[in-house]
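In what follows, a structure is listed as structure tokens, so that the remarks can point back to it.
Not measured: the values here are computed from a predicted model. Counting starts at 1 for both ligands and their atoms, following the listed order.
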Amino acid sequence: SQPPNNDNQQEIEELISSLPKEKWWRGSGLTLYQNFWVPSDFIRGVITLRRHFIGRDSNILLASKPKTGTTWLKALAFSVLHRAQFRPSVANANHPLCSSNPHDLVPFLEIMLNGQPAGHVPDMSGFTDLQLFATHVPYHFLPESIHQSQSRANLEGGAGDWSMEEFFENFCKGLDFYGPFWDHLLSYWKASCERPERVLFLKYEDLKEDTARNLKRIAEFMGVPFSKEEELDGVVDQIVEMCSLSNLKELDVNKTGDIFGYENKTFFRKGEVGDWANYLSPSMVERLENIMKEKFSPFGLYF
Ligand code: A3P
């Protein structure tokens, strides 16, 4: 199919230069685009996604705020989708997860689109055939085509010279990659309430608590439910084990190398629910809890 007409390169550059910008601890800072702080390095890809990406019914989109469990969800979804081709097992040295970081197996849309010259709309007919994509953009950045098509969205979850206090202050103000955190999360929460058959909302906490049960929900949602035979054969448990933090963290491919300028190993840390509070002072914890209570309580998302 024909790609849409190219954008006017000058118009895009003028738009970008008119948007508010803030420093960030890495890269070339953050740019405020439609009320969200997008890493300036990826702003062109995000604008192209917003304007031109055409979803297909066969697309499955893993959408998450950075640091909410994206890497894990990518590993799980990839293993589920390709289980017929690649036998999921920690003993299967030929499984792609043994040789590739999950981010290499499930690409971010906005990063794929970012490498284009400004204003040039890429021919996306080739890669929209891929079934599984990821994105960090909030729900309403996804083009109308995604909202209306049958394609699906999921959510699951080095510090430069910034101090923790600076990070914290900025995070509370919403100044964070693809922040504000609460608005990002609520964009998908609301979409999942409006279109539960098309948007599955997953919490990292729930995935941790009962990975097998939630993996079955994911497979069903993706349209590839586990059969009774597969369950009896232990396929669900094997995927859970293969994608566990302890397994992925110890693979050479994840101990070395880097992706998007981050060392692979930084994506596999502790994975402990609530651990954030151990890095903040009691008054910071209280402040953040109050913000979350205010933002999430109206939606029954804060307990
Ligand atoms: P912590 O920093 O709390 O340890 P993202 O992938 O969106 O960047 O999220 C990173 C978080 O997910 C990190 O949390 C990381 O440890 C955790 N994580 C990565 N792989 C995981 C896995 N296989 N199982 C559970 N948690 C995982």
Q: For residues Tyr188 and Tyr139, establish whether the separation of their ring centroids is below 6.0 Å.
A: yes
Q: Report yes if Leu245 has an N/O atom closer than 3.5 Å to an N/O atom of ligand 1; otherwise report no.
A: yes
Q | Polar proximity ligand 1 side, Thr71 side, N/O cut 3.5 Å exclusive | A | yes
Q: Within a distance under 4.0 Å of any heavy atom of Cys243, pick out the atoms of ligand 1 and give their elements.
A: 22 (C), 23 (N)
Q.
Considering both backbone and side-chain atoms of Lys67, is one of its nitrogen or oxygen atoms within less than 3.5 Å of a nitrogen or oxygen in ligand 1?
A. yes
Q) Hey, looking at atom 19 (C) of ligand 1, which of Phe267, Tyr204, Tyr279 has the closest heavy atom? A) Phe267
Q.
Would you call the rings of Phe171 and Phe181 parallel, tilted or perpendicular, taking 30° and 60° as the class edges?
A. tilted
(Q) Is Ser64 close enough to touch ligand 1? Criterion: a residue heavy atom under 4.0 Å from a ligand atom. (A) no
Q.
Under 6.0 Å between ring centres: does that hold for Phe141 and His136?
A. no
Q: Please indicate whether any nitrogen or oxygen in Gly271 is less than 3.5 Å from any nitrogen or oxygen in ligand 1.
A: yes
Q.
Please work out, at 4.0 Å between heavy atoms, whether the side chain, the backbone, both, or neither of Ala75 comes within that distance of ligand 1.
A. neither
Q.
Once you measure the plane-to-plane angle for Phe78 and His95, does it fall in the parallel (<30°), tilted (30-60°) or perpendicular (>60°) bin?
A. perpendicular
Q.
Below 3.5 Å, N or O to N or O, backbone or side chain included: is there any such pair between Pro66 and ligand 1?
A. no
Q: Go through the structure and list residues passing ring pair (Phe, Tyr, Trp, His ring centres under 6.0 Å) with Phe267, not counting sequence neighbours.
A: His103
Q. With atoms numbered from 1 as shown, which atoms in ligand 1 lie under 4.0 angstrom from a non-hydrogen atom of Ser244?
A. 23 (N)
Q. Is a salt bridge present between Lys173 and Glu22, judged by a nitrogen-to-oxygen distance below 4.0 Å?
A. no
Q: Would you please indicate yes or no on a ring centroid separation below 6.0 angstrom for Phe177 and Trp24?
A: yes
Q: Return a yes/no value for Lys270: is any of its N or O atoms, backbone included, closer than 3.5 angstrom to an N or O of ligand 1?
A: yes
**Q.** Within 6.0 Å of CD in Gln34, more than 12 heavy atoms from elsewhere
**A.** yes
Q) Can an N or O of Lys208 be found at a distance shorter than 3.5 Å from an N or O of ligand 1? A) no
